[in-house]
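Here's the structure, in structure tokens; my notes come after.
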Amino acid sequence: VTSPTSDLLQNLIRNACVNDGTEASGEESRNCNTLRTLFNDCAADVHVHSKVDGRENLVVRLEGSDKDAPSVMLLGHTDVVPATASDWDFDPFGGEIVDGYVRGRGAVDMLNLTSAMAIAMSNFIASGAAPKGDIVFAAVADEEAGGQYGAEFLVSDYPELVNTDFVITESGGLQMPHNDVTYVPVMVGEKGVHWAHLDIEGTPSHGSKPYGTDNAVVTAAAIVDRLHSYSPSATFSSHWETFLNAMGVDAELVEKLAHKDSVDEALARMESDQASLIHACCHTTISPNVIHGGSKVNTVADHVRLSVDMRSLPGMTTKDVEAILDDILGEYRTKVDISYTQHEESSESPTDTFLWDVLADTSRSLIGECELFPMIAPYGTDARFFRRNGAVAYGFGLFSPAISFNEHISMFHGRNEKVDLESLNLTTQMFENVLRRFAE
Ligand SMILES: [Zn+2]
């Protein structure tokens, strides 16, 4: 059945706050205004701030009665990544409900959660409950392009509005049955994100006499090959085998995937979707993704810019990442000028916390016996800004069994995003239960 959460999600999808990484994109003011109306209706004190016009962020902060009581924030982002309509089976910004699913860009990343958080918060306010610790809902812009107009901006310019002891944001919360146990992942950490431009120099000369020239395109080709071949040994997070089992990997493969010596051979035997996720969860990765260079067809290239996306495992520093890149470049290093446009270390929260227990309790009350397990996301989220400041931050929703973990993961930035109405209800109830626990 439809609900306030599904209605809100439809509206947020239709607002099409598409963030393509440019400053002028996103236009999250549209989703901000939709949410502002919701909170104005329940007479909440709404704060709206932006670093640039059009990229508005909304924060509702309820002050608790006890300064020593734990505080919590529900943190959603309001932007979505671009969608090419011709690749989809339906209008990515139609926000239609068909066969019990809300369909459109953002239905899983993460307007579904943002909607559920907003409805849970407005219901909490409407109930007149008086929180003990501070309770915050924040809907932020620009998560999909690094957060400089969103979470990062609020943390630096409005810390009094967004600092809390605990934070819940994307993703996690899928039901993953294995051997009569329902496992539910909580995203407790994420890999580091390091984006670098490699400016590769050559010496210009006439294209009619290439012999012995210093051609930046040729150097770039050799460097791309090395980056692509980079293959560090695997590092496994805690609960690694639980994660593999919960994903439905064959027992024999699980055994191989849990050992450094056999993991590569096992990955090569798996389907590429599952293999790429498992590989990313246990390796530092490098992907050379953009290349521009040369000037003219009859001139030996004097410059190429290669942009690479590196993702580091927990425990690695930015210095470690720089050393890896230098090492891969080897003798080419002197021809390359490296500039990092994003250089963020991984982050991880502990699991022996009040919030973990609250999530476990509320999950059991809503879906029955289940076991939460910690997972490290291979991608970055806004949680890192808050972990860096000392908060415990988890990614969590609560989904029905209608969509499998693998299917869910494949929809992030993918085609045909959709979420079932039951999952929206479960997620909304879960957030409401969390807020009530923090109010006790
Ligand atoms: Zn997201």
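Indexing begins at 1, ligand by ligand and atom by atom, following the structure's order. What you see below is based on every heavy atom in this structure, not just the backbone, and it leaves out hydrogens, waters and symmetry mates.
- A salt bridge links Arg14 and Glu96; the closest N-O separation between the charged side-chain nitrogens and carboxylate oxygens is under 4.0 Å.
- Arg387 contributes a side-chain N or O that, together with a main-chain N or O of Ala393, makes up a donor-acceptor pair within less than 3.5 Å.
- Applying the side chain to side chain donor-acceptor pair (under 3.5 Å) test to every pair with at least one member in residues 66-84, sequence neighbours left out, gives these pairs: Asn19-Asp79, Ser71-Asp165, His77-Asp79, His77-Asp109, His77-Glu143, His77-Glu170.
- Residue pairs that meet the side chain to side chain donor-acceptor pair (under 3.5 Å) test with at least one member in residues 114-126, sequence neighbours left out, are Asn123-Glu432.
- Checked for salt-bridge contact, Asp142 and Lys51 miss the test: no charged N lies under 4.0 Å from a carboxylate O.
- For the Zn ion (ligand 1), the count of nearby protein N/O/S atoms, taking only those under 2.8 Å, is 4.
- In this structure, the side-chain contact (heavy atoms from CB on, under 4.5 Å) partners of Asp7, at least two apart in sequence or on a different chain, are Thr2, Gln10.
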